[in-house]
Amino acid sequence: MVQESGPPDDNLFRAFMNGLYNTVDAPVTWFKERVVEPNQKQYPWYHQKFRRVPTIDQCYSDDVLCDFEANAQFKRDRAVDSEILSILRMRYEDCMMYERPDVITCKPLYEKYKQAEEAWFIKYGDLGAYADAKKAYMKQKHRMIWERRHGPLSDQTK
């Protein structure tokens, strides 16, 4: 921000410092306003798009970086799915609080929450706190083998 030149400053030191400040700041401010800001892509923090990385089954066994990226993607997906489940649960609980005598109006919310909870448990349930992409992949593989032998466990996996 360039200092406005109003009435001359009686203090020589302050006038010198203002002049020095304007000499250093003016080109930087001009460059930021004219070059940097027009060429920046504006992303709101809540709409940041991460590129999808290869899943754990697409990684080579000795590719440590691919394993790390797959685990990071798995943790992001788990956090998003958990937050969706939490939002659905809060909607159902709010409906129950507001519509207490007439809980029939909350039944569609309850059904949607139960379906989402079942889908979350199919994917992430019983993995523990230190779950990673490889454990989830093995869980999925074992479930598919069991369902091939004994039939589907749930309507969601038909």
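The residues of the chain are indexed from 1 along the displayed sequence.
Under the side chain to side chain contact (heavy atoms under 4.5 Å, CB included) criterion, Arg14 pairs with Asp9, Asn11, Asn18, sequence neighbours left out. Arg89 pairs by the side chain to side chain donor-acceptor pair (under 3.5 Å) definition with Tyr113, not counting sequence neighbours. Qualifying side chain to side chain donor-acceptor pair (under 3.5 Å) partners for Asp77, counting only residues two or more places apart in sequence or in other chains: Arg52, Gln73. Looking at residues two or more places apart in sequence or on another chain, you find a salt bridge (charged side-chain N to carboxylate O under 4.0 Å, His left out) between Glu111 and Lys107.
Atom CG of Leu127 and atom CE of Met138 lie 12.0 Å apart (nearest 0.5 Å). The line from SG of Cys95 to CE of Met90 is 14.0 Å long, rounded to the nearest 0.5 Å. To the nearest 0.5 angstrom, Arg76 atom CZ is 13.0 Å from Asp81 atom CG. Atom-to-atom distance recorded for Ile87:CD1 and Ser82:OG is 11.0 Å, nearest 0.5 angstrom.
A pairwise comparison of heavy atoms in Glu33 and Pro38 identifies O-CD, 3.5 Å as the closest pair. Here the shortest heavy-atom pairing between Val53 and Glu69 reads CG2-O, 3.4 Å. The two residues Lys123 and Ala136 have their closest heavy-atom pair at O-CB, 4.5 Å. Annotation for Asn71 and Lys134: closest pair OD1-N, 4.3 Å, computed over non-hydrogen atoms. Listed here is the closest heavy atom pair of Lys112 and Leu88: CD-CD2, 4.1 Å. Considering every non-hydrogen atom in both Val24 and Val28, the closest pair reads O-CG2, 3.5 Å.
The side-chain tip of Lys139 points at the ring of Phe121 from less than 6.0 angstrom away and within 45° of straight on.
Residues Tyr137 and Leu65 do not share a hydrophobic cluster, defined by chaining ILVMFWY side chains whose heavy atoms lie under 4.5 Å apart. Placement of Tyr21 and Met17 in two distinct hydrophobic clusters is found when ILVMFWY residues are connected by side-chain heavy-atom separations under 4.5 Å, directly or transitively.
With ring centers used as reference points, Tyr124 lies under 6.0 Å from Phe74.
As a member of the Ile/Leu/Val/Met/Phe/Trp/Tyr network built from side-chain separations under 4.5 Å, Tyr110 groups with Tyr92, Met96, Val103, Leu109.
The environment of Leu20 atom CG is dense: over 12 non-hydrogen atoms of other residues, nucleotides or ligands sit within 6.0 angstrom. Other residues, nucleotides and ligands place no more than 12 heavy atoms under 6.0 Å from the CZ atom of Arg91. More than 12 heavy-atom neighbours from other residues, nucleotides or ligands sit within 6.0 angstrom of CH2 on Trp146.
Remark: side-chain polar atoms of Thr29 are paired, donor with acceptor, to backbone N or O of Asp25 under 3.5 angstrom.
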When the side chains of residues 54-61 are checked against the rest of the protein, which donor-acceptor pairs come out under 3.5 Å, sequence neighbours left out?
| unit_1 | atom_1 | unit_2 | atom_2 | d |
| --- | --- | --- | --- | --- |
| Thr55 | OG1 | Asp57 | OD1 | 2.3 |
| Gln58 | OE1 | Thr55 | N | 3.1 |

TODO: Take Arg143 and Leu153 through the test side-chain contact (heavy atoms from CB on, under 4.5 Å) and record every step on the way to the result.
DONE: CA-CA 9 Å; Arg143 183 182 174 99; Leu153 285 171; 3.5 Å; yes
TODO: Please test Val64 against Phe68 for side-chain contact (heavy atoms from CB on, under 4.5 Å), starting from the C-alpha separation and ending with a verdict.
DONE: CA-CA 6 Å; Val64 178; Phe68 177 78; 5.5 Å; no
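In summary, Glu118 and Lys114 do not engage in a salt bridge, as defined by a charged side-chain N under 4.0 Å from a carboxylate O.
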